[in-house]
Protein chains: 2
Amino acid sequence: MGQADSLLPLIKDVAKAEQAQTLACQSCALYRLCLPLGLHREDLVALDQIIRRRDSFRRGQRLFESGCDLTSLYVVRSGAFKTTVSAKDGREQVTGFYFPGEFIGLDALHLNTYPSTARALELSSVCALPFDKLQMVSKSIPALQHQLLTRLSRALSDDKDLLLSLGQKSAEEKLVTFLIALSTRFSERGFSAYNFQLPMSRGDIANHLGLALETVSRIFTRLQQADLIAVQGKSLTLLQPEALQTKAG
Amino acid sequence: MGQADSLLPLIKDVAKAEQAQTLACQSCALYRLCLPLGLHREDLVALDQIIRRRDSFRRGQRLFESGCDLTSLYVVRSGAFKTTVSAKDGREQVTGFYFPGEFIGLDALHLNTYPSTARALELSSVCALPFDKLQMVSKSIPALQHQLLTRLSRALSDDKDLLLSLGQKSAEEKLVTFLIALSTRFSERGFSAYNFQLPMSRGDIANHLGLALETVSRIFTRLQQADLIAVQGKSLTLLQPEALQTKAG
DNA sequence: CGAACGGTTGACCAATATCAATTATAGTGG
DNA sequence: CCACTATAATTGATATTGGTCAACCGTTCG
């Protein structure tokens, strides 16, 4: 409850800190959502010393590209990213969207190259955790290893749910499930659960859900006509969350 | 080279050891594919002491069920398993198949309940790693933590590839991609890459790939008529692996 | 031996993709 | 700041892949 208070102004604080580029983990507004959760003070200091806070990425700019040498894991600091994997013929699949406090690059830990490409969806920034240093530091910080395991496991089980969507659900169910999941993530970050901006394009959403762009657009209008949501451009309002829930399958 | 020799008779050895139920990790034929890879001798002994080798599971028997308390991680010892997640209305998605040396339950690490259900596809056995003890032991064995991270990361990136299949590929491409992936996994386990048994039903394959059972059946016949594969029942031969590769998308 | 299950094959249909045209929105340079 | 252009989104008409329904065959197991 006191927690909710401290989460609410979360993103604004980070934005301020952006300018200074000096915010330590211990005073970062993302603390509760981020890697250092559960670390002791002295461990935090050790972690702080290896973290590099990177400049902003503009819309479309790449954080890393499939096939490049693995250098760092990243935690989103502000903005949003998407990752994609490609088939040999160039077809791409949007494999995930990433918001403040979330990890990018976990799927690369087992290789020395990134298997996916990460791009900023809007003006965004990250904290970079150089992989070699992270490995060294984490040996002496069990809680850090544990955080990594937890994050990976969470990511894995989220992907299993996405597999369920892609494999078994209708277009409408896919989209509604997706919107509800977004709503949850936004509210965890101190934003309204019912009114938020979609940082990704219709095309990105469609691709992510294995649909055609036009299908997504049509379903948006249909849901809007049924007064379940209100969309205009990137701005989305969930008007009847419970009714939506029943449409999620 | 010498490695291949030791892998080839791999499964037979495990089968023998099944009867004794006493095989230590250090002398297990799955060693190269399994968790203990890279552990020192003394660490192996510690690991051995927490591992419980479980009795066999018959076809269809559950290893654990969605919603049950998390007790153990499992490594397949012999046979094969599938995992499924369910929508509220009961629809299921087969989220993975698991062969000797592979982990089951990694998606549960972040919760205290399993998010998925695991069932044996044939007479199978596992090594169980009680979760609490695993956590204790792994604190003092960095290589073990590292193995877990690696496995999780690998699982995550495999799932991203599956998302690509489900989202972007045609029915035929999905199935061919799946068969090639199976082929790779079997050959890693010392079996022929071109001639193996499918432990799962057509329905399981179809569900896993987001297709109808009938579609899978039809594509099997089509590929067979094109002399790319030979199927009879569960037995599969890849007749033109390169030609198949080009059909995988 | 018969029932049950798993798999194959065929005919038909529907959901959603594709193609095409139009309208918003946003980014850019004067 | 506005006009212009490029990009994104919507909407409509049509096509197609793969799903559904149904009948049939083969194998396995009690």
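Convention: sequence-line order gives letters A, B, ...; per-chain numbering from 1. Quantities reported herein were computed from a predicted structural model and do not represent experimental measurements.
Nucleic acid contact for A/Arg222: none, since no nucleic acid atom lies under 4.0 Å from a heavy atom of the residue. Among the protein residues, A/Gly210 comes within range of the sugar-phosphate backbone only, with heavy atoms under 4.0 Å from sugar or phosphate atoms but none that close to a base. Here A/Leu211 lies in heavy-atom contact (under 4.0 Å) with sugar-phosphate atoms only. Using a 4.0 Å heavy-atom criterion, one finds that A/Ala171 contacts the sugar-phosphate atoms exclusively.
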Would B/Phe196 and B/Phe191 satisfy ring pair (Phe, Tyr, Trp, His ring centres under 6.0 Å), going step by step from the backbone distance to the final call? CA-CA 7 Å; B/Phe196 47 85; B/Phe191 289 110; 9.1 Å; no

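Taking only distance into account, the side chain of A/Arg218 meets the base of D/dG12 through a donor-acceptor pair shorter than 3.5 Å. Interface remark: the A/Arg202 side chain does not form any donor-acceptor pair with the D/dT11 base, using a distance-only criterion of under 3.5 Å.
For B/Lys160 and A/Asp107, the salt-bridge test fails: no basic side-chain N is under 4.0 Å from an acidic carboxylate O. A salt bridge links A/Arg189 and A/Glu102; the closest N-O separation between the charged side-chain nitrogens and carboxylate oxygens is under 4.0 Å.
For the pair B/Thr221 and C/dT9, the criterion of a side-chain N or O lying under 4.0 Å from OP1 or OP2 is met. OP1 or OP2 of C/dT25 has not a single side-chain nitrogen or oxygen of A/Lys234 nearer than 4.0 Å.
Taking atom CD of A/Gln224 as the reference point, atom C1' of D/dT10 lies 12 Å away to the nearest angstrom. Here the P atom of nucleotide D/dG18 and the NZ atom of B/Lys174 are 7 Å apart, to the nearest Å. Note: CG (A/Leu223) to P (D/dA9) measures 16 Å, nearest angstrom. With rounding to whole Å, A/Glu172 atom CD is found 16 Å from C/dA14 atom C1'. Rounded to a whole Å, the CD1 atom of B/Ile219 is 15 Å from the P atom of C/dG10. Atom CZ of B/Arg91 is separated from atom C1' of D/dT20 by 15 Å (rounded to the nearest Å). Taking atom CZ of residue B/Arg59 and atom C1' of nucleotide C/dC5, one finds them 9 Å apart after rounding to whole Å. One atom, CG of B/Leu121, and another, P of C/dG6, lie 12 Å apart when rounded to the nearest Å.
The residue among B/Gly203 and A/Lys169 whose nearest nucleotide of DNA chain C is located toward the 5' end is B/Gly203.
Considering only the side chain of B/Ala212, D/dG19 comes nearest among C/dG7, C/dT9, D/dG19. Taking the side chain of A/Glu214 as heavy atoms from C-beta on, and the options C/dA20, C/dG7, C/dG6, the nearest nucleotide is C/dA20. Among C/dA17, C/dT8, D/dT11, the nucleotide with an atom closest to any side-chain atom of A/Thr215 is C/dA17.
Within 6.0 Å of OH in A/Tyr194 there are 12 or fewer heavy atoms belonging to other residues, nucleotides or ligands.
None of B/Glu172, B/Glu242, B/Glu173 except one satisfies the salt bridge (charged side-chain N to carboxylate O under 4.0 Å, His left out) rule with B/Lys247; the exception is B/Glu172.
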